[in-house]
Participant: 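Mind looking over this structure? Questions follow.
Count residues from 1 along the sequence.
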Amino acid sequence: MKICQYNTPDAVAAAGAEFLFKSAQHAISARNQFTLALSGGQTPWQMLRKLAERDLPWDYVRILQVDERVAPDQAKERNLSSLREAFCDHIPLPPENLLAMPVVTDDLDAAAEKYANQLANILGNQPVLDVVHLGLGSDGHTASLVPNDSVLERTDRDVDVTGVYCGNRRMTLTYPIINRARDILWLIIGQNKSSMLDRLIKADVSIPAGRVNPQRATIFTDVPTVFGQSGR
């Protein structure tokens with residue numbers, strides 16, 4: 001695990017955007033495609049706005065969702081709404097290259113399986129994503145892998161549906177596909193994340209975030225920690 005500390009949220013966002021830009025360049029050169037799975041939350045949108053300013057061959061980029069609230073299309077609480085507003089509407093991304101989680105349905109289990117099959121069709125069996133972006137909740141959750149949910153133990157499928165958490169059920173990537181990613185990018189902003197960040201760094205498996213593979217993980221944060229390397 002690599003930990004990079006910065007003085008301000010803006011510097012964190014800039015560093016995250018640079019990381020994604022370089023990852024995309026490398027993936028497109030090596031495999032003719034860059035697959036990026038994005039989480040929701042309050043922290044990634046500034047990073048994505050900065051990435052949108054970079055010159056990438058967007059035809060070769062596929063944007064996927066790490067998690068999504070079960071809510072109607074266009075609902076403000078949908079991660080997809082923020083993702084489009086902050087990022088996808090500002091880049092020449094072909095519409096089919098944004099793979100939204102299908103949460104508007106009566107059969108969520110079948111929808112989760114459909115999304116997993118879409119990933120497999122793009123990347124083969126046991127798909128490996130280039131970058132999975134994650135955030136960290138004040139209760140230690142990441143993606144929609146939340147404390148005490150049965151999805152935490154799911155090992156036989158890459159996408160599943162949680163119980164109700166903060167008012168909504170969620171569709172989420174599970175640990176197997178997250179932990180297969182070539183790179184995991186953590187974006188963690190705010191002093192209220194300090195204690196959970198320390199537990200994440202120590203791979204404390206009693207919190208959901210602590211069960212994410214640290215071997216290919218990079219943390220960009222403005223939270224001081226004795227484990228980090230100073231940025232600008």
Participant: Does Q25 CD have over 12 foreign heavy atoms under 6.0 Å away?
Facilitator: yes

Participant: When rounded to the nearest 0.5 angstrom, what distance separates CG in D222 from CD1 in I188?
Facilitator: 10.0 Å

Participant: So for atom CG, which belongs to N121, do other residues, nucleotides or ligands contribute more than 12 heavy atoms lying within a distance under 6.0 Å?
Facilitator: yes

Participant: Does W186 reach the side chain of T218, with side-chain heavy atoms less than 4.5 Å apart?
Facilitator: no

Participant: What pair of heavy atoms forms the shortest contact from A11 to Y6, and how long is it?
Facilitator: CB-CB, 3.8 Å

Participant: Less than 4.5 Å apart, any side-chain heavy atom of P147 and any of P208?
Facilitator: yes

Participant: Side chains of S144 and R169: do they bring a donor and an acceptor to under 3.5 Å?
Facilitator: no

Participant: Indicate yes or no: at least one non-hydrogen side-chain atom of L99 is less than 4.5 angstrom from one of I63.
Facilitator: no

Participant: Is there side-chain contact between T155 and Y175, with heavy atoms separated by less than 4.5 Å?
Facilitator: no

Participant: Say whether L134 and I201 are linked into one hydrophobic cluster, either directly or through other cluster members, by side-chain heavy-atom distances under 4.5 angstrom.
Facilitator: yes

Participant: Taking atom CD1 of I122 and atom CD of Q33, what is their separation to the nearest 0.5 Å?
Facilitator: 6.5 Å

Participant: Carefully, step by step, assess L185 and V132 under the rule side-chain contact (heavy atoms from CB on, under 4.5 Å).
Facilitator: CA-CA 6 Å; L185 166 61; V132 172; over 6 Å; no

Participant: Verify ring pair (Phe, Tyr, Trp, His ring centres under 6.0 Å) between Y60 and F34, making sure each step is shown before the conclusion.
Facilitator: CA-CA 6 Å; Y60 298 92; F34 176 57; over 10 Å; no

Participant: Are L145 and V164 linked, directly or through intermediate hydrophobic residues, by side-chain heavy-atom contacts shorter than 4.5 Å (ILVMFWY only)?
Facilitator: no

Participant: Please test T221 against L136 for side-chain contact (heavy atoms from CB on, under 4.5 Å), starting from the C-alpha separation and ending with a verdict.
Facilitator: CA-CA 11 Å; T221 185; L136 178 65; over 6 Å; no

Participant: How many angstroms lie between atom CG of N168 and atom OG1 of T162, to the nearest 0.5 angstrom?
Facilitator: 9.0 Å

Participant: Please report the closest heavy-atom contact between M171 and A112, naming both atoms and the distance.
Facilitator: CE-N, 3.7 Å

Participant: Atom CG in L119, atom NZ in K114: separation rounded to 0.5 Å?
Facilitator: 12.5 Å

Participant: Can a salt bridge be assigned to the pair R31 and D130 using a cut-off of 4.0 Å between side-chain N and carboxylate O?
Facilitator: yes

Participant: Does E68 come within less than 4.0 Å of R78, counting only side-chain N to carboxylate O?
Facilitator: yes

Participant: Just to verify, what does D59 make a side chain to side chain donor-acceptor pair (under 3.5 Å) with, not counting sequence neighbours?
Facilitator: none

Participant: Kindly indicate whether the side chain of R49, heavy atoms from C-beta on, has any atom under 4.5 Å from the side chain of H90.
Facilitator: no

Participant: Can you name the nearest heavy-atom pair linking S39 to G135, along with the distance?
Facilitator: OG-N, 4.3 Å

Participant: Heavy atoms, side chains only, cut-off 4.5 Å: are R182 and L129 in contact?
Facilitator: no

Participant: Which value, rounded to the nearest 0.5 Å, describes the distance between W45 atom CH2 and E85 atom CD?
Facilitator: 9.5 Å

Participant: Same cluster or not: V128 versus V66, using hydrophobic residues (I, L, V, M, F, W, Y) connected whenever any side-chain heavy atoms lie under 4.5 Å apart?
Facilitator: no

Participant: Does some side-chain heavy atom of V223 sit less than 4.5 Å from a side-chain heavy atom of N192?
Facilitator: no

Participant: Where do I219 and L197 land on the side-chain contact (heavy atoms from CB on, under 4.5 Å) test, with the steps shown first?
Facilitator: CA-CA 9 Å; I219 295 175; L197 175 57; 4.0 Å; yes

Participant: Please tell me whether H141 and Y165 form a close aromatic pair, meaning their ring centres lie under 6.0 Å apart.
Facilitator: yes

Participant: Mind listing the closest non-hydrogen atom pair of L80 and A100 along with its distance?
Facilitator: CD2-CB, 3.8 Å

Participant: Partners of D107 by side-chain contact (heavy atoms from CB on, under 4.5 Å), sequence neighbours excluded?
Facilitator: T105, D109, A110

Participant: Rounded to the nearest 0.5 Å, what separates atom CG in D183 from atom NZ in K22?
Facilitator: 13.0 Å

Participant: Is there a side-chain contact between N213 and I178 in this structure, where contact means two heavy atoms from C-beta onward sitting under 4.5 Å apart?
Facilitator: no

Participant: Decide, yes or no, whether a salt bridge links R211 with E153 under the criterion of side-chain N to carboxylate O below 4.0 Å.
Facilitator: yes

Participant: Apply the test side-chain contact (heavy atoms from CB on, under 4.5 Å) to residues V159 and T172: give CA-CA distance (whole Å), side-chain angles for both, the deciding distance (0.1 Å), then the verdict.
Facilitator: CA-CA 6 Å; V159 186; T172 187; over 6 Å; no

Participant: Identify whether the distance between the nearest side-chain nitrogen and carboxylate oxygen of R54 and E18 falls below 4.0 Å.
Facilitator: yes

Participant: Please name the pair of heavy atoms, one in A111 and one in P102, separated by the smallest distance, quoted to 0.1 Å.
Facilitator: CB-O, 3.2 Å

Participant: Step through the shown structure and confirm whether more than 12 heavy atoms of other residues, nucleotides or ligands are within 6.0 Å of CD on Q191.
Facilitator: yes

Participant: Could you check whether R154 pairs with D160 (Lys NZ or Arg NE/NH1/NH2 to Asp/Glu carboxylate O, under 4.0 Å)?
Facilitator: yes

